[in-house]
Amino acid sequence: MTRISFPDDFLWGTATSSYQIEGAWQEDGKGESIWDRFTHTPGKIKDGSTGDVACDHYHRYREDVALMKEVGLRGYRFSVCWPRILPAGKGEVNQKGLDFYSRLTDSLLEAGIEPLLTLYHWDLPQALEDQGGWTNRDIARWFGDYAAVVARALGDRIKLWTTLNEPQIFGMLGYATGQHAPGAMDQLQYILLSHYINLAHADGVAAIRNEASAAKVGCVLQLPPIHPRSDSDEDRRAARVMDGLMNRWYAEPALLGRYPEDILELFKDLDLPILDGDLERMNQPLDFAGLNLYSRLFAYHDPNIPLIEGMLDFDYRRPGAEYTHFGWELYPKSIYESLMRFKNEWGDTDVYVTENGIAAEDQLVDGKVNDQDRIDFLAAYLAEVRRAMDDGVKVKGFFQWSFMDNFEWAEGYTSRWGIVYVDYESLERTLKASAHWYRNLIESGGYDR
Ligand code: GCO
């Protein structure tokens, strides 16, 4: 047995997002979001479900914060639902929406829990989507204006701010593959709008700094290591290109204020909408980076794809590897590999792990959920986080995904990610074994393995 220990001031938390837990989709003046529209369109969600009620966190946040306190959490990452604040996406502010997040913030602070706020976890106002959404260059300004409204209201109490959750994921799944809202399928369009995503992030950072001078501002990137499927030179090159498209295209603007040269070269004939002054506008130094990390991906060379000559292989099953119930490979070393990049490639910034966790087939039996697989997962991944810290990465905290079971996007309610079990009929919450394990870890500053 070895003891895995963490510093006393390490920020131990869990994470959620607005659409996945809040419900109350039409309450207190909230506007429609693209996820409301998408889930209400038949055939889009695996189990036909919606986030109309979800975990009903909007009404039960006090109970939820009390549970967080019971688990001993020191931090909690949540996101703000843009159309609750600005029902039309811009213009008139809905005070009741702001009041909800203000009450939530106060409850967290009273419970001794440090909030980490994410401005955008995918629930874009439908009114903005109707004007092109992320394909409209104005989205950067709209996002900046929205960020300013939220920062003005909560900047006196919230210290840790982040902009866009997983830019490449909502861009690709929402605009290229159509699996997520708004369901568009246009690869080229996605590549072009990726620049607006990077611009929006930067405008958001500038707006937060402007309104809340004490704020510490960061990004939230999912940065899976991308490995070649074989040792061939072609597959290695494909992996490097896919890493550029998926990871460096967002990490470098946010953390280094520039686009990666090799990908700019790849896109040179595409007429990217990068205008004079954009690169300066995008150069907004951050206080920290947020890393969402679950597993690795594999890439392979494909001569039929002339532009990038490579593809990610989501179906590839490595012989001998282990997979979660959700189909993702259990590969704890992935978090070590990604964390090391912040030190070696991305400016040696402070890092918070803003998401990491596992979907499991949790069963509530006699009032208990024995999710040993989740405990094993966290113990294995956290040991790799510790190793990255030993190797010099400035990891400041860890937010397990997720505080409670919730609406998993296109998968609906078919997979459970929480350390708190949610009965979707009664909406009753039950701490799982992993919540008790986590409480122990937080209290004692480490665990044995
Ligand atoms: C993401 C999102 C979360 C997911 C979680 C599990 O990473 O896709 O940030 O909202 O629920 O990652 O898939």
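In the model, Y352 has no side-chain atom that pairs as donor or acceptor with a side-chain atom of T162 under 3.5 Å. Residues N292 and Q222 bring no donor and acceptor atom of their side chains to less than 3.5 Å of each other. Inspection of the T16 and Y76 side chains reveals an N or O donor paired with an N or O acceptor under 3.5 Å.
Ring to ring, W12 and F10 are close: their centroids are under 6.0 angstrom apart. The six-membered or imidazole ring of F100 lies near that of Y61, with a centre-to-centre distance under 6.0 Å. Checked against the 6.0 Å centroid threshold, F377 and W328 do not count as a close aromatic pair.
Between D287 and R209 there is a salt bridge, since at least one side-chain N of the basic residue sits less than 4.0 Å from a carboxylate O of the acidic one. One finds a salt bridge joining R374 and D362 here, because a Lys/Arg side-chain nitrogen approaches an Asp/Glu carboxylate oxygen to under 4.0 Å. The pair R152-E211 meets the salt-bridge criterion, with a side-chain N (NZ, NE, NH1 or NH2) lying under 4.0 Å from an Asp/Glu carboxylate O. Using a 4.0 Å cut-off between charged nitrogen and carboxylate oxygen, E355 and R77 count as a salt-bridge pair. Using a 4.0 Å cut-off between charged nitrogen and carboxylate oxygen, R248 and D243 count as a salt-bridge pair. Salt bridge E27/K30: absent, no basic N to carboxylate O contact under 4.0 Å. A salt bridge between R84 and E22 is present, with a side-chain N of the basic residue lying under 4.0 Å from a carboxylate O of the acidic one. Between D405 and R416 a salt bridge is recorded (basic side-chain N to carboxylate O distance below 4.0 Å).
A 6.0 Å sphere centred on NZ of K394 holds more than 12 heavy atoms belonging to other residues, nucleotides or ligands. The environment of E345 atom CD is dense: over 12 non-hydrogen atoms of other residues, nucleotides or ligands sit within 6.0 angstrom.
Below 30°, between 30° and 60°, or above 60°: for F143 and Y120 the angle between ring planes is above 60°, a perpendicular geometry. The aromatic rings of Y447 and F6 lie parallel to each other, their planes meeting at an angle below 30°, with 60° marking the opposite boundary.
Judged by distance alone, the side chain of Y175 and the main-chain N or O of Q189 form no donor-acceptor pair under 3.5 Å. Remark: side-chain polar atoms of N198 are paired, donor with acceptor, to backbone N or O of W249 under 3.5 angstrom.
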S18/D123 under side chain to side chain donor-acceptor pair (under 3.5 Å): CA gap, chis, key distance, verdict
CA-CA 8 Å; S18 47; D123 37 7; 2.6 Å; yes

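Remark: D390 engages R386 in a salt bridge (Lys or Arg N to Asp or Glu O under 4.0 Å) (not counting sequence neighbours).
Between H180 and the choices Y190, W35, F170, W134, the ring-ring contact (aromatic ring centres under 6.0 Å, His included) rule is met once, by W35. When the options W417, F38, W122 are evaluated for a ring-ring contact (aromatic ring centres under 6.0 Å, His included) with W409, the one that passes is W122.
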